2 protein chains.
Amino acid sequence: MATGRTHRPATRSRGIPEATVARLPLYLRALTALSERSVPTVSSEELAAAAGVNSAKLRKDFSYLGSYGTRGVGYDVEYLVYQISRELGLTQDWPVVIVGIGNLGAALANYGGFASRGFRVAALIDADPAMAGTPVAGMPVQHTDELEKIISDNGVSIGVISTPAGAAQQVCERLVAAGVTSILNFAPTVLSVPEGVDVRKVDLSIELQILAFHEQRKAGEDAAHEGPVPPVSAKQQRKGPDGDVPAVMPA
Amino acid sequence: MATGRTHRPATRSRGIPEATVARLPLYLRALTALSERSVPTVSSEELAAAAGVNSAKLRKDFSYLGSYGTRGVGYDVEYLVYQISRELGLTQDWPVVIVGIGNLGAALANYGGFASRGFRVAALIDADPAMAGTPVAGMPVQHTDELEKIISDNGVSIGVISTPAGAAQQVCERLVAAGVTSILNFAPTVLSVPEGVDVRKVDLSIELQILAFHEQRKAGEDAAHEGPVPPVSAKQQRKGPDGDVPAVMPA
DNA sequence: GCCTGTGAAGACATTCACAGCA
DNA sequence: TGCTGTGAATGTCTTCACAGGC
């Protein structure tokens, strides 16, 4: 995962549920692939399969955008690509700065998925003076001192933070002060931002931890051989010293 | 965001809601920081602030794990670190392989957050023979031919895919065939896996698109402008009851 | 008095199932 | 006939608010 909005009471962003917004990019990707293969129309069933969701959900999602399908036929691929792009705001160009050009920042700078979606990397910024001028992804790295100027000169409203955790909050504050109102944070720390600024986070290790949780559970399953059986075991009342019931068993 | 399980009908793996599981790593990170500062106990209010959630939610989350707090006092930091670690399966060692050692793979290999959480990078694998032997993060890159052997020799059950999209599904199949049952996918593609295999995905551009959606809304209540006109492609009339002029205008 | 633990209420999200239209 | 669009039902998550133990 990688998720996490900050503030913004809930949904309401104009009637489109947040969960739906989060899936639109997924649909868009699947549709773009179909478009490249010159597929003219697609049914909710097919598109849902390509996007990895179920078809009722997809239809409901699209219904929030309007009635863009044709009963008995399906959806026009090109038309839907356009509508979703517009809804997501991808028909305009979004200049983005990436702050913190380590391995991850370089990976982001090189990532093709940005440019193809309306995002333009306006600058790469790093605090290390030794990096200044070094080209990364065909673009010279600029020093943090230039941050404010870069943002205002380019009208940047979206910033990506890929610095070490310790530097993230400070970078965040400078970005916000300079006019950035949306931040994608890769640093493993919670950013605090003023009202009106959106933060989303991607934490590489959190995803692995969630997988580990499920993995652990799989490993323990042969013991009990499932079944609607003896459950509960309990209101968990393990309190006391760390003692008891170590992990493995469903308890 | 970046999220997304595959299959697993729904939810609740043992009584702990999926949404709660996804937050445990967050709490763990906050608690670890407190632990390093030798803070002995913490209230739900304080910990919630540090983790960026609200306190009722945090208490509810913890209540699924058991009764680990003390009324009138709060939670014992060390004890809670242990309990959450155990719940997540981090008290054991998880060997992990990373397939696809480009910028992103290298960033992952160098990422300190793994080792400190019970994940051990067992091998770095890449399809490019020219990379074989090259050290990345102090570890030689191995060729894809070795994939099956590496997995079985190391008892790897978690794989990370950071290859280009085109290679991901095939890599995924080889991982699964070799015994991997949890996959973290960074490639922008939907993986299909057999029942029993968990997939989580992180898509860098999806997060940006979600930010763009909200950003667009902030900037534009000026409604009618929008230069580009719908791409031809379809004469498709947007029909619909109220069906015209969907997006842009808030109703 | 203070802070946890938790029923109950409410908000949100997903899924079902079918009416309605091409 | 086939597939969309959508109310209604169901399921999940969050928040409230307060009982209960320290």
Side-chain angles (χ1 to χ4, degrees), chain A residues 1 3-5 7-13 15-24 27 40-49 51-77 79-80 83 235-240, chain B residues 1 3-5 7-13 15-24 27 41-49 51-77 79-80 83 234-243 246:
Chain A
M1 163 183 250
T3 186
R5 202 170 39 273
H7 87 78
R8 195 161 288 265
T11 308
R12 188 181 44 100
S13 289
I16 302 184
E18 195 56 35
T20 294
V21 172
R23 280 186 296 265
L24 292 180
Y27 301 145
T41 62
V42 66
S43 69
S44 64
E45 201 71 53
E46 293 162 339
L47 183 53
V53 306
N54 97 20
S55 66
K57 191 188 288 183
L58 176 144
R59 288 198 302 278
K60 176 76 72 181
D61 283 343
F62 287 174
S63 81
Y64 292 115
L65 309 186
S67 283
Y68 296 148
T70 305
R71 291 168 202 238
V73 178
Y75 300 92
D76 180 281
V77 172
Y79 186 62
L80 203 45
Q83 290 299 347
K235 289 301 287 191
Q236 36 242 104
Q237 212 51 343
R238 33 199 148 72
K239 179 125 185 176
Chain B
M1 159 159 180
T3 184
R5 205 164 40 276
H7 87 76
R8 199 157 290 268
T11 350
R12 208 153 290 212
S13 318
I16 302 184
E18 195 58 35
T20 294
V21 171
R23 281 187 295 266
L24 292 180
Y27 300 145
T41 62
V42 66
S43 70
S44 63
E45 201 71 52
E46 294 162 338
L47 183 52
V53 305
N54 97 20
S55 66
K57 192 188 288 184
L58 177 144
R59 288 198 303 278
K60 177 70 85 178
D61 283 342
F62 286 175
S63 81
Y64 292 116
L65 309 186
S67 283
Y68 295 149
T70 305
R71 292 168 202 238
V73 177
Y75 300 92
D76 181 280
V77 172
Y79 184 62
L80 204 43
Q83 290 299 346
K235 56 297 187 75
Q236 180 85 35
Q237 10 68 289
R238 37 223 163 128
K239 55 290 218 49
D242 56 359

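Keep in mind that what you see is a predicted model, and the values were worked out from it rather than measured. Chain letters run A, B, ... following the sequence lines, proteins first and then strands; every chain starts at 1.
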Distance in Å, B:Q83 CD paired with B:L65 CG, rounded so as to fall on 0.5 Å steps: 8.0 Å
Straight-line distance of B:I16 CD1 to B:D61 CG, nearest 0.5 Å: 9.5 Å
Sugar-phosphate, base or nothing in reach of B:F62, heavy atoms under 4.0 Å: nothing
Between P of C:dT14 and CG of A:D61, the distance in whole Å: 7 Å
Protein-nucleotide distance (A:Q83, atom CD; D:dT4, atom C1'), rounded to Å: 16 Å
Side chain to side chain donor-acceptor pair (under 3.5 Å) partners for A:T41, two or more places apart: none
Separation of D:dT4 P from A:L80 CG (nearest whole Å): 11 Å
Straight-line distance of A:L80 CG to A:L47 CG, nearest 0.5 Å: 7.0 Å
For nucleotides 19-22 of chain D, tabulate all protein N/O to nucleotide N/O atom pairs closer than 3.5 Å, reporting atom names and distance.
unit_1: D:dG20; atom_1: N3; unit_2: B:R71; atom_2: NH1; d: 3.2
unit_1: D:dC22; atom_1: O4'; unit_2: B:R71; atom_2: O; d: 3.4

Separation of atom CD in A:E45 from atom P in C:dA17, rounded to whole Å: 15 Å
Between C:dT4 (P) and B:L65 (CG): distance, integer Å: 15 Å
Distance, rounded to the nearest Å, where A:I16 contributes CD1 and C:dC12 contributes P: 15 Å
Polar atom pairs (N or O), protein with nucleotides 7-9 of chain D, under 3.5 Å:
unit_1: D:dG7; atom_1: N7; unit_2: A:K60; atom_2: NZ; d: 3.3

Closest non-hydrogen atom pair, B:N54 against B:K57: OD1-N, 3.0 Å
Contacts of B:Y75 that satisfy ring-ring contact (aromatic ring centres under 6.0 Å, His included) - sequence neighbours left out: B:F62
Pairing residues for A:S55 by the side-chain contact (heavy atoms from CB on, under 4.5 Å) criterion, not counting sequence neighbours: A:S44, A:E45, A:A48, A:R59
Under 4.0 angstrom between B:Y68 side-chain N/O and C:dC3 OP1 or OP2: no
Phosphate-side-chain proximity, A:S43 and D:dC3, N/O vs OP1/OP2 below 4.0 Å: no
OG1-OH distance between A:T20 and A:Y64, expressed to the nearest 0.5 angstrom: 5.5 Å
Residues that A:A49 engages under side-chain contact (heavy atoms from CB on, under 4.5 Å), provided they are two or more places apart: none
Interatomic distance, A:R59 CZ vs C:dA19 C1' [rounded to whole Å]: 13 Å
Length of the line joining A:E18:CD and D:dT14:C1', which is rounded to integer Å: 15 Å
Side-chain N,O (A:N54) to OP1/OP2 (C:dT14) below 4.0 Å: no
Presence of B:R23 side-chain N/O under 4.0 Å of D:dT14 phosphate oxygens OP1/OP2: yes
First of A:G74 and B:T20 reached from the 5' end of DNA chain D, by closest nucleotide: A:G74
Pairwise side-chain contact, B:V53 with B:Y27, heavy-atom cut-off 4.5 Å (strictly under): yes
Among D:dT4, C:dC16, D:dT14, the one nearest B:Y64 by side-chain distance: D:dT14
